[in-house]
Amino acid sequence: QVQLVESGGGMVQAGGSLRLSCTAASGSIFSYIMGWYRRAPGKSRELVADIESGGNTNYAESVKGRFTISRDNAKNTVYLQMNSLKPEDTGVYYCKGSTWGLAYWGQGTQVTVSS
C-alpha cells in the first residue's frame with residue numbers, strides 16, 4: 001500500500017494560516033485522487049477538499065474561498081493551504097489517496113484554531 005505522511009499542522013489563532021503537506025513515502029500518487037478529510041472532536045469525518053490527477057478540485061462549502069488544495073506529482077506531494085482559519089476548522093486532518101476502488105490514509109495531523 002501507498003504510505004502517506006502528513007505534516008504542517010499546529011496551533012494558530014483565528015484568522016491565521018497553515019499549510020498542510022502530504023507526501024507519499026512509498027508508492028506514487030500520480031494517478032490518484034487525493035483528498036483532505038478532517039475529524040473534529042465529537043463529529044464524523046468529513047471531506048474538506050479533493051483533487052484529481054488532472055487538477056480538477058472539489059471543496060466543502062464551509063471552506064470555499066479560504067482553502068486551496070494543490071498537488072505536485074513530481075514531488076509526490078499534495079498540499080492544503082488554509083487561510084482565514086476559524087475555530088470550527090479545528091480537528092485532525094487526514095490525507096487520502098484513492099484509485100481503483102482502494103483507499104490509503106495518512107496518520108493525521110492536528111490543527112487547532114483558537115479564538
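The basis for the numbers below is simple: all heavy atoms, side chains too, and nothing from hydrogens, waters or symmetry mates.
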Joint hydrophobic cluster, L47 plus L102, side-chain heavy atoms closer than 4.5 Å
no
In short, L80 meets A49 closest at the heavy-atom pair CD1-CB, 4.4 Å
Same cluster or not: are Y37 and L18 linked, directly or through other Ile, Leu, Val, Met, Phe, Trp or Tyr residues, by side-chain heavy atoms under 4.5 angstrom apart?
no
Between S17 and S84, what is the shortest heavy-atom contact and its length?
OG-N, 4.3 Å
Would you say the side-chain atoms of E6 pair up with the backbone N or O of Q107, donor to acceptor, closer than 3.5 Å?
yes
Salt bridge (charged side-chain N to carboxylate O under 4.0 Å, His left out) pairs touching residues 101-115, sequence neighbours excluded, are none
Hey, could you give me each pair passing ring-ring contact (aromatic ring centres under 6.0 Å, His included) that has a residue in residues 56-98? Not counting sequence neighbours.
none
Under 3.5 Å donor-acceptor, T90 side chain and V113 backbone
yes
Give me the ring orientation class for W100 and Y32: parallel if the planes are under 30° apart, tilted from 30 to 60°, perpendicular past 60°.
perpendicular
Does Y104 share a hydrophobic cluster with V78, counting links as ILVMFWY side-chain heavy atoms below 4.5 Å and allowing steps through other members?
yes
Nearest heavy-atom neighbours spanning I51 and S70
CD1-CA, 3.9 Å
Any chance you could measure M34, atom CE, to C22, atom SG, to the nearest 0.5 Å?
4.5 Å
Please examine the side chains of W105 and C95, heavy atoms only from C-beta on, and report whether any two atoms are closer than 4.5 Å.
no
Rounded to the nearest 0.5 Å, how far apart are CG of N56 and CG of D50?
10.0 Å
Restricting to salt bridge (charged side-chain N to carboxylate O under 4.0 Å, His left out), what partner residues turn up for R71, sequence neighbours left out?
none
Quick one: do I69 and V92 end up in the same hydrophobic cluster if we chain Ile, Leu, Val, Met, Phe, Trp and Tyr together by side-chain heavy atoms under 4.5 Å apart?
no
Using only heavy-atom distances, determine whether the side chains of T23 and T77 contain a donor-acceptor pair under 3.5 Å.
yes
Got a donor-acceptor contact below 3.5 angstrom from the N76 side chain to the I29 backbone?
yes
In sequence, state the C-alpha distance, the side-chain angles, and the governing distance for Q13 and L85, and then conclude on side-chain contact (heavy atoms from CB on, under 4.5 Å).
CA-CA 8 Å; Q13 292 186 353; L85 282 162; over 6 Å; no
Quick one: pull up OG in S31 and CD in E52 and give me the separation to the nearest 0.5 Å.
12.5 Å
Closest non-hydrogen atoms of S115 and A14, given as atom of the first, atom of the second and distance, are CA-CB, 4.4 Å
Flag side-chain contact, heavy atom, 4.5 Å: R38 against D89
yes
Minimum heavy-atom distance K64-E61, with the two atoms named
NZ-OE1, 3.2 Å
Are the side chains of V2 and T99 in contact, using a 4.5 Å heavy-atom criterion?
no
Are side-chain heavy atoms of V111 and M82 found at a separation under 4.5 Å?
yes
Where S26 and Q3 come nearest, the two heavy atoms and their spacing
OG-CG, 3.3 Å
